[in-house]
**Q** 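My structure is below; once you've seen it, I'll send some questions.
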Amino acid sequence: MLVAALWVAGLLAYQLSGPGWLKGVLLAGWGAFALATAVAVGRARAGRWPGPLFVAALVLCGVWWLLLSPRQDRVWADDVAQRLKVVEFDGSRVVLDNVRNFTWRTDDDHDVRWERREYDLDQLRSADLVLSYWMGPMIAHTLVSFGFADGRQLVFSLEIRKERGESFSALGGFFRKFEMTLVAAEETDIVRVRSNVRGEDVYLYRLKGMTRDQLKGLFVSYLGEARKLDAAPAFYNTLTSNCTTIVYELAKQIAPGLPLDYRLVASGYFAEYARDLGVLTPGVDFATLKARGRITDRARAAGDDPRFSQLIRVGVPGIDPEVQP
């Protein structure tokens, strides 16, 4: 009953529209009603009032939940306003529309640029796991950056699709508050905004042990996700459909049998999960991987230097020093 009551309270809090005072009144009323029901059950009167009303309320809320539908036509925030589109993919040549290439000065002051990009998957050379910490050590945003032979990087990031003026809520993510979107962006946009503008603490780890086919397969899996979200919107879920679980789901397509782990939810520890799977640089202890993989200071020092991607990788284990400046 406690879980059910809290679920209804969350649904009311995050799905009801209207002034805050009205939500407060309704939540207080629901809390009083749920408490009265609990007292009645405790006195073995569950078959009388208000037991049936409590069940009816749960059923109505369940129907409401099922009728909630994700949408594509809201007034979106600038950084998620466009959907990533796969214009062409012939096995090696990929053309993407709406690759994000913003220049950020503050969260509210930025140059908006959505661009078309062409990539040759035969030129894929690397993949890096990027973790950006914004809410303590347990929670990090997870990104994957793909490197090409010509020095370009493309980062994929599953994010909530915020409406204009809206902000992220981990609790709201349990109650179908947000749609989700897949962002493809330049590192000078999506990494730099986190380290240099939002003040997040960012770490980068080179992914090792992947064959060229597996690397290409992971990239293609992201293309598949982009096509799905372009064709039909979907809800973000803090537990089951978030920035970390998508990496896990896509990786399973090329390496079936990956074990479930609490670190898929406690995403701040996802790098340790990757280490345990043997996909980080071998022969280096995790403390060193983490210390040398912290790119926050290097990113801030690099600023708007066009060599940003190279500068943030200086000293990262597993990256050939000959390609570093």
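Quick note: numbers below take in every heavy atom, side chains included, and nothing from hydrogens, waters or symmetry partners.
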**Q** Relative to the ring of F146, is the ring of Y222 parallel (under 30°), tilted (30 to 60°) or perpendicular (over 60°)?
**A** perpendicular
**Q** Are Y273 and Y262 close enough that their ring centers fall under 6.0 Å?
**A** no
**Q** Could you tell me whether the side chains of S267 and H141 share a donor-acceptor contact shorter than 3.5 Å?
**A** no
**Q** More than 12 heavy atoms of other residues, nucleotides or ligands under 6.0 Å from CE of M1: yes or no?
**A** yes
**Q** Assess whether a salt bridge exists between E272 and R263, defined as any Lys/Arg side-chain N lying under 4.0 Å from an Asp/Glu carboxylate O.
**A** no
**Q** Ring of W114, cation from R83 - is the NZ or CZ under 6.0 Å from the centre and inside 45° of the axis?
**A** no
**Q** When you measure from the centre of the six-membered ring of W76, is the NZ or CZ of R161 under 6.0 Å away and within 45° of the axis?
**A** yes
**Q** Step by step, work out the side-chain hydrogen bond (donor to acceptor under 3.5 Å, both in side chains) result for T296 and D201.
**A** CA-CA 6 Å; T296 308; D201 201 17; 2.5 Å; yes
**Q** Show the numbers, then the answer: is there a ring pair (Phe, Tyr, Trp, His ring centres under 6.0 Å) between F148 and Y119?
**A** CA-CA 8 Å; F148 292 82; Y119 300 94; 5.0 Å; yes
**Q** When you compare the side chains of S309 and Q153, does any donor N or O come within less than 3.5 Å of an acceptor on the partner?
**A** no
**Q** One thing to verify: whether R194 and E200 come together as a salt bridge, which I'm taking to mean a side-chain N less than 4.0 angstrom from a carboxylate O.
**A** yes
**Q** Is R212 salt-bridged to D122, going by a charged N under 4.0 Å from an acidic O?
**A** no
**Q** With under 30° as parallel and over 60° as perpendicular, where do the rings of F33 and W30 fit, or are they tilted in between?
**A** tilted
**Q** Could you go through R113 and T103, starting from their C-alpha distance and side-chain angles, then the distance that decides it, and tell me whether this counts as side-chain hydrogen bond (donor to acceptor under 3.5 Å, both in side chains)?
**A** CA-CA 8 Å; R113 287 191 299 270; T103 297; 2.6 Å; yes
**Q** So that I know where these two stand, are F219 and F156 an aromatic pair - ring centroids less than 6.0 Å apart?
**A** yes
**Q** Run through R152, R313, R307, R192 and flag the one making a salt bridge (Lys or Arg N to Asp or Glu O under 4.0 Å) with E187.
**A** R313
**Q** Mind checking whether F168 and W134 have parallel, tilted or perpendicular rings, split at 30° and 60°?
**A** perpendicular
**Q** Does E115 come within less than 4.0 Å of R100, counting only side-chain N to carboxylate O?
**A** no
